[in-house]
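These notes concern the structure reproduced below.
Numbering of ligands and ligand atoms starts at 1, following listing order.
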Amino acid sequence: MISLSPSLQARLSTPLKIGSFEVKSRVLQSPLSGVTDMVFRRLVRRYAPESMMYTEMVNATGLHYVKELPKIMEIDDNERPISIQLFDCRPDFLAEAAVMAVEEGADTVDINMGCPVNKITKNGGGSSLLRQPEVAEAIVRAVVKAVNVPVTVKTRIGWTDQEITILDFAKRMEDAGAQMITVHGRTRAQGYNGPAKWEWIKKVKEILSIPVIGNGDIFSVEAAVRCLEETGADGVMCSRGTLGYPFLVGEVDYFLKTGNLLEPPTPIQRLECAKEHLQALWEYKGDRGVRQARKHMTWYAKGFAGASELRGQLAVVDKVEHGLEFIDRAIERLANCNWQEVEGEEPILVEV
Ligand SMILES: Cc1cc2nc3c(=O)[nH]c(=O)nc-3n(C[C@H](O)[C@H](O)[C@H](O)COP(=O)(O)O)c2cc1C
């Protein structure tokens with residue numbers, strides 16, 4: 001049984017203030033490359049109308065040379081509050097990209113200083129900025145100077161366990177003008193493995209005046225509440241927990257505001273959502289959208305009888321109508337049997 005302590009409730013009862021910008025929710029949907037496009041954000045937004053969303057990360061060098069707004073940077077007028085996330089190592093390119101982000105309607109501009117992927121770090125971007133704090137500072141200063149919306153940073157706790165530099169780094173970001181920092185409690189070397197070390201988020205919160213957002217391993221309402229309690233963070237950001245589950249941010253938000261748990265979606269409701277996601281990706285991106293939808297579909301197809309068979313079908317789908325048909329059949333099977341779900345990794349059904 002999860003409960004919201006009166007002190008936590010009081011702490012979270014005011015809006016999240018990111019510089020001059022206010023957000024009426026303390027849970028954020030993280031930027032996820034290849035995932036948080038407009039279609040995905042619309043689904044998350046339905047259940048979390050007041051939460052902050054992030055685009056996928058956008059390459060500032062690419063923008064500099066192409067000068068054309070990429071699809072991943074498009075935002076809809078009614079999807080606020082939203083932040084556009086940029087990555088690069090060049091302060092001038094990032095400043096230029098930030099101006100384009102604001103023109104597109106971003107409420108804040110976020111700089112990625114946490115991405116562990118080699119392709120990004122070898123060019124000086126993402127988490128490699130943890131090892132070049134002077135460059136990171138110059139980036140924040142240049143972007144702050146270029147735009148009139150708050151500039152924020154998302155980063156990790158350090159490069160390796162032997163090189164946890166987040167305390168000095170976070171202070172530098174604040175001093176350079178960042179208005180909020182999100183700390184993913186893992187090192188670059190960890191990738192996404194091992195537990196997130198929330199204790200470092202707590203330490204960062206203790207030394208900064210700007211809002212600190214906790215990130216890493218927020219897979220449930222219970223984890224969100226525990227992270228807020230243990231770290232004193234001003235908010236939490238959900239990431240992998242939202243893959244195939246765009247309900248999570250809304251569930252956390254509802255609990256933080258009311259102290260009540262929402263009824264979780266049934267397998268059929270999750271599959272209805274998968275259908276809507278597939279259809280919308282196809283409408284937005286055509287056949288490329290269907291190929292992109294494969295991974296989403298396999299994330300949705302979990303936790304009910306027949307899920308692994310459905311995953312196999314959806315993992316290779318190339319026509320939208322085939323995908324919809326496979327899901328419809330799975331829904332029909334679930335709807336027509338008088339069965340009860342048994343919890344587990346791949347639940348089996350027992351007759352009732
Ligand atoms: C598929 C995927 C894509 C990601 N893309 C981004 C990104 O574009 N920008 C970013 O700052 N972090 C990105 N991340 C990192 C997440 O935002 C988050 O920091 C990380 O997954 C830790 O949270 P979790 O343990 O709850 O998943 C990505 C993670 C995954 C799994």
Side-chain angles (χ1 to χ4, degrees), residues 27-38 40-41 44 51-60 62 70-73 75 82-88 94 97 101 106 108-121 125-130 136 139 151-158 166 173 178 180-198 200-201 204 212-228 231 233 235-246 248-249 251-252 292-299:
V27 51
L28 303 87
Q29 167 66 57
S30 82
L32 293 168
S33 190
V35 175
T36 56
D37 56 16
M38 204 191 287
F40 182 80
R41 296 195 304 264
V44 177
S51 292
M52 188 89 178
M53 306 284 155
Y54 287 76
T55 62
E56 304 168 70
M57 59 179 185
V58 180
N59 179 347
K71 216 168 174 69
I72 56 168
M73 211 170 157
I75 60 180
I82 185 156
S83 181
I84 290 185
Q85 192 192 53
L86 306 171
F87 74 93
D88 214 290
L94 278 159
T108 69
V109 173
D110 190 68
I111 314 290
N112 181 316
M113 300 195 186
C115 181
V117 174
N118 272 335
K119 202 170 70 178
I120 310 288
T121 55
S127 58
S128 75
L129 288 164
L130 281 160
I139 287 172
V151 175
T152 62
V153 167
K154 180 169 177 289
T155 188
R156 290 183 177 236
I157 58 174
I166 187 61
M173 296 304 101
M180 182 172 87
I181 186 161
T182 301
V183 180
H184 172 192
R186 290 189 175 87
T187 61
R188 190 263 180 178
Q190 268 184 284
Y192 297 96
N193 303 318
K197 300 174 169 90
W198 290 348
W200 286 100
I201 300 170
V204 174
V212 175
I213 304 299
N215 175 240
D217 293 346
I218 313 285
F219 287 99
S220 63
V221 174
E222 184 273 328
V225 172
R226 203 157 35 79
C227 182
L228 288 164
T231 64
V236 281
M237 183 182 271
C238 301
S239 304
R240 284 172 299 166
T242 68
L243 300 178
Y245 200 80
L248 182 61
V249 177
E251 288 177 351
V252 175
Q292 276 183 12
R294 291 172 178 169
K295 60 181 182 233
H296 291 285
M297 297 302 109
T298 59
W299 292 327

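Using a distance-only test at 3.5 Å, with no hydrogens or angles considered, a donor-acceptor pair links the side chain of D217 to the main chain of A196. No donor-acceptor pair closer than 3.5 Å links the side chain of Q85 to the backbone N or O of E56.
When I111, I84, N112 are each tested for a side chain to side chain contact (heavy atoms under 4.5 Å, CB included) with M57, only one passes: N112.
Protein heavy atom in closest approach to atom 21 (O) of ligand 1: Y192 CE2, 3.4 Å. Shortest contact from atom 19 (O) of ligand 1 to any protein heavy atom: N215 OD1, 2.5 Å. At the top of the distance list for atom 12 (N) of ligand 1, counting protein heavy atoms only, stands K154 NZ, 3.0 Å. Protein heavy atom closest to atom 4 (C) of ligand 1, with residue, atom name and distance, is S33 N, 3.4 Å. Here the heavy atom of the protein found nearest to atom 2 (C) of ligand 1 is L32 CD2, 3.8 Å. Distance from atom 9 (N) of ligand 1 to its nearest protein heavy atom, with residue and atom name: Q85 OE1, 2.8 Å. The nearest heavy-atom contact from the protein to atom 31 (C) of ligand 1 is R240 CG, 3.6 Å. Counting only heavy atoms of the protein, atom 7 (C) of ligand 1 lies nearest to P31 O, 3.4 Å.
Atoms of ligand 1 found under 4.0 Å from any heavy atom of M57 (numbered from 1 in listed order, with element): 8 (O). Residue contact check: D217 has heavy atoms under 4.0 Å from atoms 24 (P), 25 (O), 26 (O) of ligand 1.
Of the candidates S239, S30, S127, it is S239 that places a heavy atom closest to atom 18 (C) of ligand 1.
Geometric assessment of R156 against the ring of Y192 yields a positive cation-pi assignment under the 6.0 Å and 45° thresholds.
Residue contacts with ligand 1 do not include M237, since none of its heavy atoms lies under 4.0 Å from the ligand. Under a 4.0 angstrom heavy-atom cut-off, G216 registers as being in contact with ligand 1.
Partners of T187 according to the side-chain contact (heavy atoms from CB on, under 4.5 Å) rule, which considers only residues two or more places apart in sequence or in another chain, are I157, D161, I164, A189, Q190. R294 pairs by the side-chain contact (heavy atoms from CB on, under 4.5 Å) definition with R291, V317, D318, not counting sequence neighbours.
In this model, no donor atom of one side chain and acceptor atom of the other lie less than 3.5 Å apart for T121 and S128. Between the side chains of N215 and S30, not a single donor N or O lies within less than 3.5 Å of an accepting N or O. Under the 3.5 Å distance criterion, with hydrogens and angles disregarded, no donor-acceptor pair is assigned to the side chains of T36 and Q29.
The backbone of I218, and not its side chain, has at least one atom closer than 4.0 Å to an atom of ligand 1 (non-hydrogen atoms only; backbone = N, CA, C, O). For N112, every heavy-atom contact with ligand 1 shorter than 4.0 Å involves the side chain, none the backbone.
Between K71 and D37, none of the side-chain N atoms (NZ, or NE/NH1/NH2) sits under 4.0 Å from a carboxylate O, so this pair counts as no salt bridge.
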